[in-house]
Chemist: 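One structure is given below, represented as structure tokens, and several questions about it will come after.
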Amino acid sequence: MTVYTCAILALLYHHALKLIFHSTTTLSSFFITLALFISDIFLAIMWFMQQFFRITIIYHDEFPENLEKVMKRSDFPALDVFICTADPYKEPPMRLVNTALSVMAYDYPTEKISANISDDGGS
């Protein structure tokens with residue numbers, strides 16, 4: 001974030017210097033530079049405001065046991081789980097089997113869940 005802040009400040013400084021000290025420019029180039037300066041200020045403000053949302057840590061408390069109090073098990077949404085495989089030397093097949101078994105062990109209605117295993121041909 002510090003690098004981006006320095007880069008934005010350097011860009012705004014460059015635009016300000018160009019507006020102030022280049023008096024040999026024409027009126028049209030002055031307005032073009034002024035428009036770019038204003039748009040860069042606007043985008044810099046938007047970027048700074050967005051960073052506050054990214055820095056803020058959000059904690060969520062999950063209560064899956066309360067889900068059945070809100071809706072019936074037959075009303076649960078359908079759940080698709082995709083398991084992607086890679087080269088068997090980089091990702092052992094036992095890890096794939098463990099992942100598929102853990103998906104099958106979900107406490108979820110069996111008619112609402114589907115597990116898909118994707119193979120790229122290398123395994």
Side-chain angles (χ1 to χ4, degrees):
M1 184 171 153
T2 306
V3 174
Y4 290 117
T5 303
C6 292
I8 289 172
L9 291 176
L11 178 69
L12 294 177
Y13 179 74
H14 171 72
H15 280 309
L17 285 180
K18 199 169 188 180
L19 278 173
I20 294 171
F21 293 117
H22 285 94
S23 59
T24 59
T25 60
T26 62
L27 190 61
S28 62
S29 68
F30 173 77
F31 284 120
I32 290 172
T33 306
L34 183 65
L36 288 173
F37 182 62
I38 291 171
S39 66
D40 282 342
I41 287 176
F42 178 70
L43 291 173
I45 290 170
M46 282 178 42
W47 182 81
F48 280 119
M49 291 175 69
Q50 187 182 28
Q51 295 309 307
F52 293 120
F53 290 111
R54 292 184 178 174
I55 291 174
T56 305
I57 298 173
I58 299 173
Y59 296 102
H60 293 283
D61 293 330
E62 299 172 2
F63 301 102
E65 63 274 0
N66 293 341
L67 184 61
E68 291 184 5
K69 294 178 184 176
V70 178
M71 61 177 28
K72 297 181 290 189
R73 288 183 72 88
S74 61
D75 293 336
F76 282 10
L79 181 65
D80 293 326
V81 180
F82 292 95
I83 303 169
C84 300
T85 62
D87 187 18
Y89 297 109
K90 294 179 184 175
E91 183 180 358
M94 187 54 79
R95 186 178 298 167
L96 174 67
V97 171
N98 288 336
T99 305
L101 288 175
S102 66
V103 168
M104 291 174 14
Y106 284 172
D107 184 23
Y108 207 79
T110 56
E111 64 275 357
K112 297 282 187 171
I113 191 168
S114 66
N116 300 303
I117 299 177
S118 172
D119 186 13
D120 63 352
S123 54

Chemist: How close do A44 and I8 get, heavy atom to heavy atom, and via which atoms?
Modeler: CB-CG2, 3.5 Å
Chemist: When rounded to the nearest 0.5 angstrom, what distance separates OG in S29 from NZ in K18?
Modeler: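 Reported value, rounded in 0.5 Å steps: 8.5 Å.
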Chemist: As an exercise, state the distance from CG of D107 to CG of L67, rounded to the nearest 0.5 Å.
Modeler: 10.0 Å
Chemist: What distance separates I55 CD1 from Q50 CD, expressed to the nearest 0.5 Å?
Modeler: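 The CD atom of Q50 is 11.0 Å from CD1 of I55, to the nearest 0.5 Å.
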Chemist: L11, F37: one ILVMFWY side-chain cluster at the under-4.5 Å cut-off?
Modeler: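 Unlinked, L11 and F37 end up in two clusters.
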Chemist: Using 0.5 Å steps for rounding, measure from the CZ atom of F52 to the CH2 atom of W47.
Modeler: 9.5 Å
Chemist: Report yes or no: do L43 and L9 belong to one cluster of Ile/Leu/Val/Met/Phe/Trp/Tyr joined by side chain heavy-atom distances under 4.5 Å?
Modeler: no
Chemist: Taking side chain to side chain donor-acceptor pair (under 3.5 Å) as the test, write out the residues that go with N98, two or more places apart.
Modeler: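 For N98, no residue satisfies side chain to side chain donor-acceptor pair (under 3.5 Å) once neighbours in sequence are set aside.
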Chemist: Could you tell me the separation between the NE2 atom of H15 and the CG atom of L34, rounded to the nearest 0.5 Å?
Modeler: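 If we round to the nearest 0.5 Å, H15:NE2 and L34:CG are 10.5 Å apart.
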Chemist: So F31 and L27, side-chain contact (heavy atoms from CB on, under 4.5 Å) or not? Walk me through it.
Modeler: CA-CA 6 Å; F31 284 120; L27 190 61; 3.5 Å; yes
Chemist: Quick one: are L17 and Y13 in side-chain contact, heavy atoms under 4.5 Å?
Modeler: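 The answer is yes, as the side chains (C-beta and beyond) meet within the 4.5 Å cut-off.
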Chemist: Please output the side-chain donor-acceptor pairs of residues 69-81 that fall under 3.5 Å, not counting sequence neighbours, one pair per line with the distance.
Modeler:
residue	atom	partner	partner atom	Å
K69	NZ	N66	OD1	3.4
R73	NH1	E68	OE2	2.6
D80	OD1	S114	OG	2.5

Chemist: Check whether any side-chain heavy atom of L12 lies under 4.5 Å from a side-chain heavy atom of D40, and answer yes or no.
Modeler: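 Counting from C-beta outward, L12 and D40 do come under 4.5 Å.
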Chemist: Can you find a pair of side-chain heavy atoms, one from I117 and one from F82, that are under 4.5 Å apart?
Modeler: no
Chemist: Is the number of heavy atoms from other residues, nucleotides or ligands under 6.0 Å of F48 CZ greater than 12?
Modeler: yes
